[in-house]
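One-based numbering along the sequence shown. Here the structure is a predicted model, which is why all the values come from computation and not from measurement.
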Amino acid sequence: VDPVRVLGADQPVAVTRGRIQYLTLAGRFGQPSDVSAARLVLTVAPTEPGVEITVHPSGGVVPLVATVRAGEVGRPVVRSINVAVGTNGQIEFRTSGGAVLAVDLVGVYRPASSSSAGRYVSIDPVSLGQMDGREIDFAVPASVPADVEAVLVSMTAWNAPSLGTWSRIDDVPSLVVGPGRIEGGEVLVRVVDGRVRLRSNVTSRVALDLVGWFTGPSAPVSADGLYVATAPTRLLDTTTTLNPLGAGVALHERWAVENSLAAFSAASAVDVRIGMHAAHGAGSVP
């Protein structure tokens with residue numbers, strides 16, 4: 001959808017420890033009353049170190065893994081998430097500490113048994129290359145249908161000389177970068193004239209991978225790729241027996257772990273949140 005600031009429109013909202021912020025989406029901000037889930041972009045600027053914000057459907061189970069963790073005061077964090085809409089068309093934001101929060105709505109999901117447009121197609125990642133600069137402008141690969149509504153891109157940025165933000169051309173933030181840090185995240189970008197465009201207010205090194213897209217009206221009618229929200233389900237916990245490596249065995253550098261998704265056997269892709277702590281050093285989990 002056309003992006004709209006749904007929380008912090010006039011100025012970002014200050015949240016405090018233990019506060020629950022409610023946000024009604026169904027039937028508001030120009031959206032239909034039957035919205036079942038939404039794609040949100042959260043911008044979190046912590047006023048205390050180690051702030052965690054958890055977003056979930058109102059009236060539903062609170063996830064054990066936080067949605068966003070902002071570790072350093074003065075260093076904002078941007079995250080793009082899917083979240084189901086709960087009781088009274090609302091979602092909830094729970095915070096572990098002080099922060100300033102802004103939320104942009106960039107997409108919605110509506111109930112359907114089948115559809116042509118708006119279905120997600122997950123693919124093996126396709127590298128779109130690396131570059132240095134402040135602007136990204138590339139044509140979507142030929143393998144992507146010409147009328148796709150949007151693409152999902154995995155974005156990693158580093159070597160920024162100062163604090164800055166990568167954004168979509170509609171000014172919705174995508175990723176915060178800064179000195180000495182490698183930052184990554186997924187970005188939902190609308191395709192315009194067969195091209196994807198991003199821009200930044202600071203130069204950095206950027207790597208992009210295409211990981212999927214949302215179908216356009218020429219796609220066949222199907223139930224494949226419809227988004228199905230579920231109650232939070234813990235799949236892996238290296239501190240407990242819920243761990244294929246063995247109870248309490250940590251995931252060490254260059255190790256890999258595979259998880260059974262037998263409970264979601266009909267799914268072609270899953271939307272998961274990963275939380276980590278007690279890392280021995282800087283790194284990433286691909």
So L175 and V187, side-chain contact (heavy atoms from CB on, under 4.5 Å) or not? Walk me through it.
CA-CA 8 Å; L175 202 66; V187 184; 5.7 Å; no
Below 4.5 Å, heavy atoms only, C-beta onward: do S222 and T215 meet side chain to side chain?
no
Which heavy-atom pair separates V51 from P46 by the least distance, and what is that distance?
CG2-CB, 4.1 Å
Any side-chain heavy atom of L198 sitting closer than 4.5 Å to one from E135?
no
So do W166 and V177 actually touch side chain to side chain, heavy atoms under 4.5 Å?
yes
Residue pair G98 / E48: nearest heavy atoms and the distance that separates them:
N-OE2, 3.2 Å
Sorted by first residue and then second, give each ring pair (Phe, Tyr, Trp, His ring centres under 6.0 Å) pair with at least one member in residues 15-68; sequence neighbours left out.
none
So do the side chains of E92 and S58 get within less than 4.5 Å of each other, counting heavy atoms only?
yes
Identify, with sequence neighbours excluded, every residue that meets salt bridge (Lys or Arg N to Asp or Glu O under 4.0 Å) alongside R69.
E52
Is the shortest side-chain heavy-atom distance between I81 and R39 below 4.5 Å?
no
Between D170 and R168, is there a side-chain N and carboxylate O pair less than 4.0 Å apart?
yes
Rounded to the nearest 0.5 Å, what separation is found between the CG atom of D271 and the OG1 atom of T230?
9.0 Å
Take S200 and R134 through the side-chain hydrogen bond (donor to acceptor under 3.5 Å, both in side chains) test and state the conclusion after the steps.
CA-CA 5 Å; S200 175; R134 294 190 179 193; over 6 Å; no
What is the minimum heavy-atom distance between T47 and A99, and which atoms define it?
OG1-N, 3.3 Å
Can you tell me how far CZ of F138 sits from CZ of R197, rounded to the nearest 0.5 angstrom?
10.5 Å
So if you build clusters from Ile, Leu, Val, Met, Phe, Trp, Tyr with side-chain heavy-atom gaps below 4.5 Å, do I169 and V106 land together?
no
Could you state whether L188 and L42 fall into the same hydrophobic cluster, counting links through intermediate Ile, Leu, Val, Met, Phe, Trp or Tyr residues with side-chain heavy atoms under 4.5 angstrom apart?
no
Do the non-hydrogen side-chain atoms of P232 and V61 ever get within less than 4.5 Å of each other?
yes
Spacing of CD1 belonging to I20 relative to OG1 belonging to T54, to within rounding of 0.5 Å
10.5 Å
How long is the straight-line distance from CG of L7 back to CG of L25, given to the nearest 0.5 Å?
10.0 Å
Among the clusters formed by ILVMFWY side chains lying less than 4.5 Å apart, do M131 and V202 turn up in the same one?
yes
Sub-3.5 Å donor-acceptor pair from the side chain of D104 to the main-chain atoms of P3, do we have one?
no
Less than 3.5 Å apart, any donor N or O on the side chain of T67 or R273 sitting next to an acceptor on the other?
yes
Heavy-atom pair with the smallest gap, counting every atom of Q130 and A207:
CG-CB, 3.7 Å
Heavy-atom pair of closest approach, residues P111 and D34:
CD-O, 3.0 Å
For residues V172 and S80, determine if any side-chain heavy atom of one lies less than 4.5 Å from a side-chain heavy atom of the other.
no
Would I136 and V206 count as a side-chain contact (heavy atoms from CB on, under 4.5 Å) here? Give the steps.
CA-CA 9 Å; I136 295 171; V206 180; 3.8 Å; yes
Rounded to the nearest 0.5 angstrom, the OG1-CG distance for T240 and L236 is 8.0 Å
Main-chain N/O of V1 paired with R190 side-chain donor or acceptor, under 3.5 Å
yes
Applying ring pair (Phe, Tyr, Trp, His ring centres under 6.0 Å) as the test, list every pair that has at least one member in residues 182-240; sequence neighbours left out.
Y109-Y227, Y120-F214
Side-chain donor/acceptor of R17 to backbone N/O of S96, under 3.5 Å
yes
Determine, step by step, whether Q21 and L23 satisfy the side-chain contact (heavy atoms from CB on, under 4.5 Å) criterion, reporting the C-alpha distance in whole Å, the side-chain angles of both residues, the deciding distance to 0.1 Å, and the verdict.
CA-CA 7 Å; Q21 177 78 42; L23 174 64; 5.7 Å; no
Begin from the C-alpha positions of Q90 and T24 and carry the test side-chain hydrogen bond (donor to acceptor under 3.5 Å, both in side chains) through to its verdict.
CA-CA 4 Å; Q90 293 182 325; T24 302; 3.1 Å; yes
Minimum side-chain heavy-atom gap E183-V78 below 4.5 Å
no
Is the backbone N or O of A14 less than 3.5 Å from a side-chain atom of R19, with the two atoms forming a donor-acceptor pair by type?
yes
Rounded to the nearest 0.5 angstrom, the CZ-OG distance for R199 and S167 is 7.5 Å
Taking only distance into account, with no hydrogens and no angle test, what donor-acceptor pairs under 3.5 Å do side-chain atoms of residues 143-163 form with protein atoms, sequence neighbours excluded?
from, atom 1, to, atom 2, distance (Å)
D147, OD1, S218, OG, 3.0
D147, OD2, S218, N, 2.8
D147, OD2, S218, OG, 2.7

Shared ILVMFWY cluster between V65 and V44, side chains joined below 4.5 angstrom?
no
Can you hop from V77 to L101 via hydrophobic side chains spaced under 4.5 Å?
yes
One pair to check against side-chain contact (heavy atoms from CB on, under 4.5 Å): V196 and V140. What are the steps and the verdict?
CA-CA 7 Å; V196 170; V140 296; 3.8 Å; yes
Salt bridge present between D224 and R119 (N-O < 4.0 angstrom):
no
Give the minimum heavy-atom separation between T238 and N243, together with the two atoms involved.
CA-ND2, 3.3 Å
Show me the pairs that pass ring pair (Phe, Tyr, Trp, His ring centres under 6.0 Å) and involve residues 178-209, at least two apart or across chains.
none
Over 12 non-hydrogen atoms of neighbours within 6.0 angstrom of CG in D137
yes
Could you name each residue pair satisfying ring pair (Phe, Tyr, Trp, His ring centres under 6.0 Å) that touches residues 235-271, not counting sequence neighbours?
H252-W255
